[in-house]
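Below is one structure, written out as structure tokens; the observations come after it.
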Amino acid sequence: MIRMIQSRSANNAKEYFSESLLRSDYYMNEQEFKGLFRGKVAELLGIKREIQKDVFHTLCENIHPIEGVPLTPLKKTNRTVGYDINFHCPKSVSVLHALSKDGHILQAFHQSVLETMNDIEQDAQTRVRKNGKDENRPADGLLYADFIHQTARPVKDDLPDPHLHCHCFVFNVTWDDIEGKFKAGQFRNIKRDMPYYQALFHKRLADNLMELGYKVRPTKAAFEIEGVPEHIIDLFSKRTNEIGQLAKDQQITDAKELDKLGGKTRAKKKKGLTIPQLRAYWIEQIKDMGFDLGLKNTVLRFADPIRGMLIKARNAVDYALDHQFERASVVPMRKLLESAIRYAIGCPRVTVSGIKNSFSKNKNIIKSHDGDGVSCSTVEIVKEELAIVKLVNQTKGRNAPAYSYPPSLLLEDEQATAIQHVLTTTDPVSIIMGRAGTGKTSLMQEAVAKFSEAGKSVLVVAPTAEASRGVLRQEGFGGAETVAKLLTDKTLQEKLTNQVLWVDEAGLLGTKDMLALLRLADARNAQLILSGDTKQHSSVTRGDALRLLDEVAGVKPVGLSTIRRQKQEQYRYAVEALSIGDAVKGYQTLATMGAIEEVDPEDTTSALVDQYISLTKRKKSVLVVSPTHHQCGVVTEAIRKTLKAKKQIRQQDKLVSQLISLNLTEAERTEKKSYQKGLMIRVNRKTDSLKAHSYGEVTQVFKDSIELTDKNGGVHLVPYEALKEAEVYRKAELPLAKGDKIRATRNGMDKEKRRINNGQELVIKSINKDGSIVAESETTKCQYFIGEEFQHIQHAYCLTSHASQGKTVDVVLVSQPTGTFTASDLKQFYVSASRGRYDLKIYTDDKEGLLDHVAVLKKRKSALELLNFKENGEAIAGLQDCEIPSNQRTHSGFIRPFCDFILAVFYYNCH
């Protein structure tokens, strides 16, 4: 892996150099390697290669080490001194290096580091602030000092584990050739692209090791050397395990906080031991674990011929496209390259340059400058979005309205306006854009009644089972179904002929499903009404389709802006501000009304739990929300502990089998490295020996297939290609007790063939010895008999904001400590905060930091937005499907900049 850590203090950088870098490890002589200054700026400064303490300290102070003058212009006291970019080997590589008596692995590692640092140096940038400009431009080189270390920090009283790694301390200076002077660097994009550089490093290191005769085994994160057992890797991961356990105990998930935790928990260095002494200690440990290869690398080297995977560069690029574009319409180019490079780890024949060349020549990829980088989409995605725009515009004004004049209504104001619009429009597609809590359900109920009076039946659907079969059916829409059910059920589709299709929570639709619904409505001459809110969470799959219809296709929505859910005036004002994107005003209003409580970082849950117990005791409906699954687990554990103490749930837990989805993409499901022994697979399509919807445990992983063992002990060999539509789960055990609240995590059936909907919440009445559960719905009082084979359940005390969308309760409690900030943004905050009728309480250990994160709106671009596409209703009506010609691309593979007019002419005339 690679980590990039910012250094903001000259004194701290000097101390770090003296204590951690210069004295490269904890021991003596042969283990120490002298660091060297490297990079183009080192040459321009004329400094010696070998690192000297006084030169390093002078550079930390931003002073030219030879001329003694300021190196770069100083404009602030807290300037960034530099960045420690540290490269870490996979553990099996470190183990083999520690046991070897020469430096062949070290040389391969260092070569991989230097080549990757060269890539980073070529991406150096500097800020341009002259003549009214505010931009970044390429700069000429960097200056860094590299230090090789061979051991990890010791854990408590143990001696350190082998851990080959390299620190490259990059100073905050580069050369601006245009201005002819040294200037501070702009490292933001280098930080952003660190996963890409990490993939380059792993690929090069794997290739170099295979060239030496080792066989590598690709893993999810990187690779390991084939032949080094997992238990040996675990044996020498004491420091990693220590930090992981501390992070778990302290509920830390943020990457920056994990970096800090590593520094805070460093043990003191042990003096006086040499590498041979350490090697003898490591060998003894290995022997105790039963692993004895004669302790020579040659046993693992040349065990069989170097071969690697039989793939080509285009296979790696195709994998990257399939993987990344399953959940996004626009992807940064380097994210695509990262996926392609990772896919080729273990195949030295496929080089990085070969992948880049194949990527550049791929005619399906569309590239465009996007801010400080280049982003990509595909011809297929552009055509998909164009088809949506075209279909909507071609059918405008086609339908006969349900009413030729606006009928009288019970509802008033904007709700009445929205109802009258859908009843009298001649357009087959309508959008009702309603903020959270604006009364969309009441509107639907009266509109459906009016359609019925006009002789029109309305089929109501929603993207999720909980929203359709749960919430909508409870609110009076008895036949409500999922979008997925509609798109596969011919009988339902036939019922739509000349009728009305209403999609609730339409903001959760991806472009693929939206296009399918538009085509279905067109084929059945049905009116399509889409109600939702683009400010809330969008589809997990590719494309924010409702926003595409609104902002690109020009379907003018009918807006509902008056919020009715929040009964308390200040609370309502806050939610209104959040709904229009004014995070600062909304946050400050919530703070003024006392809704944001700062808690002790060491105890982020007690205040929330006390409030939860108090509210439930008063029979208030309560929803507890947090941005991350991890924090949901922390809150759940605290709530259950208190409920047990108050005897509201039984004290004694029973461990029940649970399946947790790995949420793999289709591309990942066809890849060997995604599988390991013990995973559970749900096969959704019939294979040669397995029925559709059956389960099997992974018992062996082979080159082209996996071995699954079913519940009866039957063994089945399933090729990876047959797993495209499978679901992959890891096994866990869920502690449950009588009185617990649980939630289904996928659709299924109980023993009595009653449907269990994904997201449905139940209360446990009893748990049988065989692991089966009797549970009851709090709303319908219907009882379910859940067999041990249905393992898709979890506690329901705290939900993520995604899972909470669509719910309405009396009071919302939000747990949002610093560990959740990486998953916090404006959409998440808006959804979480807007669920309550009467009150809201947010618990955080950093009020200012929380505002910084929730003020950011993370918005996914459509492919047409990437291309600055502007629709024109008349021209689009005649548009035919077209290929994007290769002459869009320059010789470097980038799209040429187009003005809106040129783009429009190009698309409208390409037929």
Side-chain angles (χ1 to χ4, degrees), residues 90-93 95-96 206 209-210 214-235 237 289-293 299-300 303-311 315-316 319 322-323 342-347 657-733 788-789 791-792:
K91 185 56 69 174
S92 59
V93 178
V95 170
L96 291 182
L209 291 169
M210 293 186 79
Y214 294 99
K215 185 178 178 182
V216 307
R217 170 174 55 85
T219 63
K220 191 79 171 174
F223 68 90
E224 297 290 355
I225 299 293
E226 196 74 75
V228 181
E230 286 291 336
H231 64 276
I232 300 300
I233 293 172
D234 292 339
L235 170 68
S237 301
M289 296 290 288
F291 180 64
D292 187 358
L293 294 177
V299 178
L300 291 182
D304 49 28
I306 300 175
R307 52 179 188 272
M309 299 182 293
L310 297 177
I311 66 166
N315 301 129
Y319 168 82
D322 290 342
H323 172 55
R342 287 209 168 282
Y343 182 78
I345 287 176
C347 185
S657 296
Q658 178 191 30
L659 293 178
I660 300 173
S661 176
L662 298 186
N663 294 313
L664 302 181
T665 64
E666 182 178 304
E668 288 176 308
R669 292 194 294 271
T670 60
E671 194 177 2
K672 176 186 174 183
K673 71 179 182 183
S674 298
Y675 298 95
Q676 61 190 44
K677 290 182 182 180
L679 292 179
M680 290 295 293
I681 312 295
R682 186 180 195 266
V683 179
N684 289 324
R685 280 189 179 272
K686 183 180 181 300
T687 69
D688 290 341
S689 59
L690 275 171
K691 294 180 179 179
H693 312 308
S694 57
Y695 290 80
E697 181 177 347
V698 178
T699 46
Q700 292 289 338
V701 180
F702 302 112
K703 180 181 177 182
D704 300 313
S705 61
I706 57 172
E707 179 186 271
L708 297 180
T709 302
D710 63 32
K711 62 181 180 179
N712 298 317
V715 177
H716 312 268
L717 205 60
V718 183
Y720 294 119
E721 192 66 21
L723 297 171
K724 279 186 176 181
E725 297 181 32
E727 296 165 37
V728 185
Y729 300 91
R730 65 176 177 87
K731 295 190 294 183
E733 289 186 318
E788 60 176 336
E789 65 277 2
Q791 299 174 15
H792 304 279

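Since we're looking at a predicted model, the values are computed, not measured. Throughout, numbering of the chain's residues begins at 1 and tracks the sequence.
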Passes side-chain contact (heavy atoms from CB on, under 4.5 Å), K673 versus R342? Steps please.
-> CA-CA 11 Å; K673 71 179 182 183; R342 287 209 168 282; 4.3 Å; yes

Looking at CD of E226 and CG of L209, how far apart are the two atoms once the value is rounded to the nearest 0.5 Å?
-> 13.5 Å

Test S657 against every option in E789, Q791, M680 by the side-chain contact (heavy atoms from CB on, under 4.5 Å) rule and name the one that passes.
-> Q791

Answer whether the closest heavy-atom distance between the side chains of R730 and L662 falls below 4.5 Å.
-> yes

Side chains of K220 and E668: does their closest heavy-atom pair fall under 4.5 Å?
-> yes

Between atom CG of L679 and atom CD1 of I660, what is the distance when rounded to the nearest 0.5 Å?
-> 11.5 Å

Answer whether the closest heavy-atom distance between the side chains of V95 and I233 falls below 4.5 Å.
-> no

Taking the side chain as C-beta and beyond, is there a heavy-atom pair between L659 and H792 under 4.5 Å?
-> yes

Can you tell me how far NZ of K215 sits from CE of M210, rounded to the nearest 0.5 angstrom?
-> 8.0 Å

Grab the two heavy atoms, one from L664 and one from R669, that are nearest each other, plus how far apart they are.
-> O-NH1, 2.7 Å

Can you pull the side-chain hydrogen bond (donor to acceptor under 3.5 Å, both in side chains) pairs that have at least one residue in residues 705-726, sequence neighbours excluded?
-> R685-E725, S689-H716, T699-E707, T699-T709, D710-H716, E721-K724

Can you pull the salt bridge (charged side-chain N to carboxylate O under 4.0 Å, His left out) pairs that have at least one residue in residues 674-684, sequence neighbours excluded?
-> R682-E727

What distance separates L235 CG from E230 CD, expressed to the nearest 0.5 Å?
-> 12.5 Å

State which residues pass side chain to side chain donor-acceptor pair (under 3.5 Å) with E697; sequence neighbours excluded, sorted by chain then number.
-> K731

Of the non-hydrogen atoms in I311 and A344, which two are nearest, and what is the gap between them?
-> CD1-CA, 4.1 Å

Do V728 and Y675 come close enough that some side-chain heavy atom pair is under 4.5 Å?
-> yes

Can you measure from CG (L717) to CG (D688) and round to the nearest 0.5 angstrom?
-> 9.5 Å

Below 4.5 Å, heavy atoms only, C-beta onward: do N684 and H693 meet side chain to side chain?
-> yes

Residues which pass ring-ring contact (aromatic ring centres under 6.0 Å, His included) with F223, listed by chain and number, not counting sequence neighbours = none

Gap separating the OH atom of Y729 from the CG atom of N663, nearest 0.5 angstrom = 9.0 Å

Residues two or more places apart in sequence or in another chain: which of them pass side chain to side chain donor-acceptor pair (under 3.5 Å) with Q658?
-> none

Scanning both residues in full, the closest heavy-atom pair of L708 with G696 reads CD2-O, 3.9 Å

By salt bridge (charged side-chain N to carboxylate O under 4.0 Å, His left out), which residues pair with K672, not counting sequence neighbours?
-> none

What do the steps show when you test E671 against Y319 for side-chain hydrogen bond (donor to acceptor under 3.5 Å, both in side chains), and what is the final call?
-> CA-CA 9 Å; E671 194 177 2; Y319 168 82; 2.9 Å; yes

Closest contact, heavy atoms only, A206 versus V216 | O-CG1, 4.2 Å

Decide yes or no for D322 and T670: does some side-chain heavy atom of the first lie under 4.5 Å from some side-chain heavy atom of the second?
-> no

